[in-house]
Amino acid sequence: MIALVDVNNFYVSCQRVFEPKLMGKPVVVLSNNDGCVVARSSEAKALGIKMAAPWHQLRDFAQQEGIIARSSNYALYADMSHRVMTILSRFSPNQEIYSIDECFLSFDGLLQDHTELAQDIRRTVLQWTGLPVCVGIAPTKTLAKLANHIAKKQAPFNGVCAWQQLNPNQQDAQMQALPVGDVWGIGRRISERMAQEGIHTIADLRASNADQIRQRHSIVVQRTVHELRGIPSIELEESTPDKQQILCSRSFGQEIYTEQELGEAISTYIARAAEKLRQQGSLAGSLAVFIRTNPFRPKDPQYSQHILVPLTQASDDTLLLTRAALWVLKRIYRTGFAYAKAGVMLCDLQPRTAVQGHLFLQTADPIKRAALNKVMDDINRQWGRGSIRVASAGFNHGWKMRQNTLSPYWTTRWADLPIVR
DNA sequence: TCTGGGGTCCTATGCCGA
DNA sequence: TCTGTCGGCATAGGACCC
């Protein structure tokens, strides 16, 4: 049996833990750069605020309706996520952390009443963190996701839906009432295609011919059909595999024009990406850099370019990667454009232990370099990201992203600790 | 003025050599 | 020597997730 536990409106709920005055009010959390809405309280949803709605289009409406916005505070969400996951791990030895706000727990030969167990999970997480969660329990991951969806949307369930405790008629009724697009793994495009094939509801999909689904769609969708029938076809992944690529990209707070400024941004992103790379103990075999203008302003001259270059020898050295990235930037940079976004991608990742040496290459002393990178990581961890950095990352970041309504780092910075009277 | 960021997996396609 | 076929591989792009 598999449970899917998911925090309600996660980012908004995190903000509310430390700002109780936000309770009961329409609240939204904005993406990086305060670009668009990425989390909404139920009150905001009720006002018709759509997911991913551009914030600048909503400004007036928000003011009118008293909608409160917060810039996203990822340090806070990551810390709160860690607390929730730690608590949930007490309920089962088998946990798959699926995203920042949800995880699967598996229970072998579960004897306890499913609903009782799930309510216990809800109470514990709420009491220990202040965050509300919903729980779906079912024999497969896809059904657990569906049960969670039902628990979240239908008030009588009180935040918990144990699929096996519904009788077959109730299960059918639920599946007939829900559109196929509500199934985990069925997105907009596949829903559209299925509509043409006469598959509209989840019940339709469950009753479809799995072999034909394989033909018309893919093996992935076929697995989903099996899962809907209660046949486990998607494994629980308890260990997170190493990343195969690491990407760091940002839109700029304001447009920039010069290679110098783009270089600062690229250097900053490389530093961050390389830090992640070292954290997982990998080396990058190749590296890509991209820059682009603002596609939302089609009347402006548009330019978008990227180049992927192999590295002579795989590396996790910030200095070496920075030099390579700036070399690439020089190749793709064109004057006369207003650049809105840039990014770097580290690809062809391999374990540090399996380096292929290079017969003729002369590099800086690798042991000294590794020590240098470690010291930089240590300093930045203790004193804050960017405390020590390569000079090409610059100092006056005019391109830094907008975060006009950023809350304090309540749980991860001493100066921001809340005071309780 | 103002439209996010970070991932994965799968399939189609074209090239190459056996 | 030429031609057809097939599998392996790299790559690009589409689809999905949060």
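Proteins get letters first, then strands, A, B, ... in listed order; numbering begins at 1 in each.
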| query | Starting at CG of A:L308 and ending at P of C:dA12, how long is that distance when rounded to a whole Å? | reply | 8 Å
| message | For a quick test of reading the model, state the closest non-hydrogen atom pair linking A:N8 to A:V133 and the distance between them. | response | OD1-C, 3.8 Å
| request: Classify the nucleic acid contact of A:R297 as base, sugar-phosphate or nothing, counting any heavy atom under 4.0 Å across all strands shown. | output: sugar-phosphate
| request: Nearest whole angstrom, please: distance from the P of C:dC17 to the CD of A:Q244. | output: 19 Å
| field | Sugar-phosphate only, base, or nothing, as touched by A:R216 at under 4.0 Å among non-hydrogen atoms | value | nothing
| query | Is there a donor-acceptor contact under 3.5 Å from the side chain of A:S249 to the main chain of A:L247? | reply | no
| query | Mind checking the P distance from B:dT3 to C:dC16? Whole angstroms is fine. | reply | 25 Å
| said: Between P on C:dC18 and CG on A:N9, what's the gap in Å once rounded to a whole number? | reply: 14 Å
| task | Tell me, please, whether A:W327 has A:R331 positioned over its six-membered ring: NZ or CZ under 6.0 Å from the ring centre and within 45 degrees of its axis? | result | yes
| said: At 4.0 Å (heavy atoms only), tell me whether A:N33 reaches a base, stays on the sugar-phosphate, or touches nothing. | reply: nothing
| query | Starting at CE of A:M51 and ending at C1' of C:dC17, how long is that distance when rounded to a whole Å? | reply | 11 Å
| Taking atom P of C:dC18 as reference, at what distance in whole Å does atom OH of A:Y77 sit? | 18 Å
| request: Provide the distance between the two C1' atoms, one in B:dT1 and one in C:dC18, to the nearest whole Å. | output: 29 Å
| said: Considering every strand and a 4.0 Å limit on heavy-atom distances, what is the contact class for A:Y98: base, sugar-phosphate, or nothing? | reply: sugar-phosphate
| request: Nearest-nucleotide wise, let me know which of A:V38 and A:I219 is further upstream toward the 5' end of DNA chain B. | output: A:V38
| Counting only heavy atoms not in A:Q260, do more than 12 sit closer than 6.0 Å to its CD atom? | no
| Rounded to the nearest 0.5 Å, how far apart are CH2 of A:W399 and CZ of A:R250? | 9.5 Å
| Atom pair CD (A:Q64) and CZ (A:R59), whose distance is rounded to the nearest 0.5 Å | 15.0 Å
| request: Would you kindly compare A:Y11 and A:Q245 by the position of their nearest DNA chain B nucleotide and give the one closer to the 5′ end? | output: A:Y11
| task | Please work out if A:R223 contacts a base, only the sugar-phosphate, or nothing of the nucleic acid, heavy-atom cut-off 4.0 Å. | result | sugar-phosphate
| request: Using a heavy-atom cut-off of under 4.0 Å over every strand shown, decide if A:I190 touches base, sugar-phosphate, or nothing. | output: sugar-phosphate
| Rounded to the Å, how far apart are A:F290 CZ and C:dA12 P? | 16 Å
| request: Would you classify A:I100 as touching base, sugar-phosphate or nothing, given that sugar-phosphate means primed atoms plus P, OP1 and OP2, and contacts are heavy atoms under 4.0 Å? | output: nothing
| Can you tell me if A:N294 and A:K341 form a side-chain donor-acceptor pair at under 3.5 Å? | no
| task | Quick one: label A:D101 by what it contacts on the DNA or RNA (base, sugar-phosphate, nothing), any heavy atom closer than 4.0 Å. | result | sugar-phosphate
| request: Please step through side-chain contact (heavy atoms from CB on, under 4.5 Å) for the pair A:Q15 and A:N73, ending with a clear verdict. | output: CA-CA 9 Å; A:Q15 298 294 147; A:N73 183 334; 4.0 Å; yes
| task | Give a yes/no answer on whether the side chain of A:K145 brings an N or O atom under 4.0 Å of OP1 or OP2 in C:dC16. | result | no
| task | Starting at atom CZ of A:R193, determine the distance to atom C1' of C:dC16, rounded to an integer number of angstrom. | result | 13 Å
| said: Tell me the interatomic distance from A:E96, atom CD, to C:dC18, atom P, rounded to whole angstroms. | reply: 12 Å
| query | From the 5' end of DNA chain B to its 3' end, which nucleotides mark the outer limits of contact with chain A, defined by a 4.0 Å heavy-atom distance cut-off (strictly under)? | reply | B:dC2 to B:dT11
